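These figures come from a predicted structure and were not determined experimentally. Positions are given from 1 along the sequence.
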Amino acid sequence: MIVGAALNHANSHGTNVLIKDNTASGKADAWKEAMASEARAVNPLHDVNSSRNQLIQDAVKTDDWSEYNEYQAKQHPAWYNTENGEAVKNKEYWAELAESRAEALKQAEAENDQEDIKTWESALESAVENLKKAPGEMPHIPVFANGSKLAEKYDIEPASDSWFDSKYNDPLVSSQGKFSNNAWYNNPYFEENPESLEKTLAAVEEHGSSEQIEKANEVNKELLARMDEEEAEKENDVETAESQAGETVSIRDLQTNNHLQQALQGALASDDKLDMSVQDYLLQNL
């Protein structure tokens with residue numbers, strides 16, 4: 001059993017999703033409905049995406065995007081600034097969006113698709129308007145650089161020297177809104193919801209491939225041994241923590257996340273299956 005994953009599997013069932021059905025004979029493109037526990041094994045960020053999608057639905061209903069922005073600011077910190085205590089999309093975010101919409105407009109013009117031209121012109125104007133009003137320093141935007149006609153049309157200022165010397169001048173910032181890469185189990189959502197990480201690990205054990213499970217078990221043996229040693233060494237510290245918190249604290253609970261972040265790297269990661277949600281894609285690109 002993977003450390004921290006001994007949970008009641010009934011609690012891991014949730015929204016149904018569709019996954020590839022590899023057991024359907026003669027059906028190359030067959031899909032089947034899967035419970036959340038199985039979906040987590042296919043995509044370890046299933047809970048992260050589900051949480052994001054729920055926030056999108058709530059925001060659409062209430063026309064209040066503050067909670068969604070707070071959530072996204074943790075996922076993509078390079079794309080948000082804090083203004084008056086609230087997460088606000090900055091110029092980095094709107095620059096990336098304006099860039100993608102300008103490229104889409106170019107494609108529509110090349111194809112002489114008048115309907116798409118009108119759509120993307122409107123979308124680009126909206127992105128540029130938000131870009132100018134957003135907080136932060138103007139970044140380098142290739143489609144608006146080097147005195148381009150679009151830069152003149154929309155009066156887009158060039159990036160300053162200070163921007164080029166800053167941490168924002170990094171491909172990861174423009175592509176993912178992050179200052180550094182992180183493995184799936186290092187996602188900020190799991191830091192705030194450790195029980196979700198445990199459910200995901202349990203799902204990998206239950207539904208994952210034999211290779212995944214074998215690697216996980218190998219890592220887990222070393223992890224258990226190390227944690228047993230640390231439990232003896234840190235017993236006094238734990239007793240102090242229990243007294244202050246007024247509740248029982250287990251060394252295994254305290255140490256699991258940190259060790260998983262170090263020990264499971266490369267063993268369970270499956271980045272090629274971590275796709276952006278459809279809702280989030282539409283919101284960012286239309």
Handout entry: Inter-residue atom distance Tyr80.OH - Gln72.CD, 0.5 Å rounding
Key = 5.0 Å

Practice task
Give the ring-plane orientation class for Trp184 versus Phe190, where under 30° counts as parallel, over 60° as perpendicular and anything between as tilted.
Solution key: perpendicular

Handout entry: Distance in Å, Tyr189 OH paired with Asn49 CG, rounded so as to fall on 0.5 Å steps
Key = 10.5 Å

Exercise for the section: Using distance alone, with no hydrogens and no angle criterion, decide if Asn187 and Gln75 have a side-chain donor and acceptor under 3.5 Å apart. Expected result: yes

Exercise for the section: Please work out whether the ring planes of Trp65 and Tyr68 are parallel, tilted or perpendicular, with thresholds of 30° and 60°. Expected result: perpendicular

Handout entry: Nearest-0.5 Å distance, CD of residue Glu137 to CG of residue Asn169
Key = 10.5 Å

Exercise for the section: Answer yes or no: is there a donor N or O on one side and an acceptor on the other, between the side chain of Asn43 and the main chain of Ala39, under 3.5 Å? Expected result: no

Practice task
Keeping the roles fixed (side chain from Asn90, backbone from Tyr93), state whether a donor-acceptor pair exists under 3.5 Å.
Solution key: yes

Handout entry: Glu115 atom CD, neighbour heavy-atom count above 12 within 6.0 Å
Key = no

Problem - Whether Glu70 side chain and Ala87 backbone form a donor-acceptor pair below 3.5 Å - result: yes

Practice task
Return the orientation label for the Phe179 and Tyr168 ring planes: parallel under 30°, perpendicular over 60°, tilted otherwise.
Solution key: perpendicular

Practice task
Find the distance between CZ (Arg40) and CD (Glu206) and round it off to the nearest 0.5 Å.
Solution key: 10.5 Å

Practice task
Could you tell me whether Glu191 and Lys74 make a salt bridge, using a distance below 4.0 angstrom between a side-chain N and a carboxylate O?
Solution key: no

Practice task
Indicate yes or no for a side-chain donor-acceptor contact from Lys167 to the backbone of Ala78 under 3.5 Å, with no hydrogens or angles considered.
Solution key: no

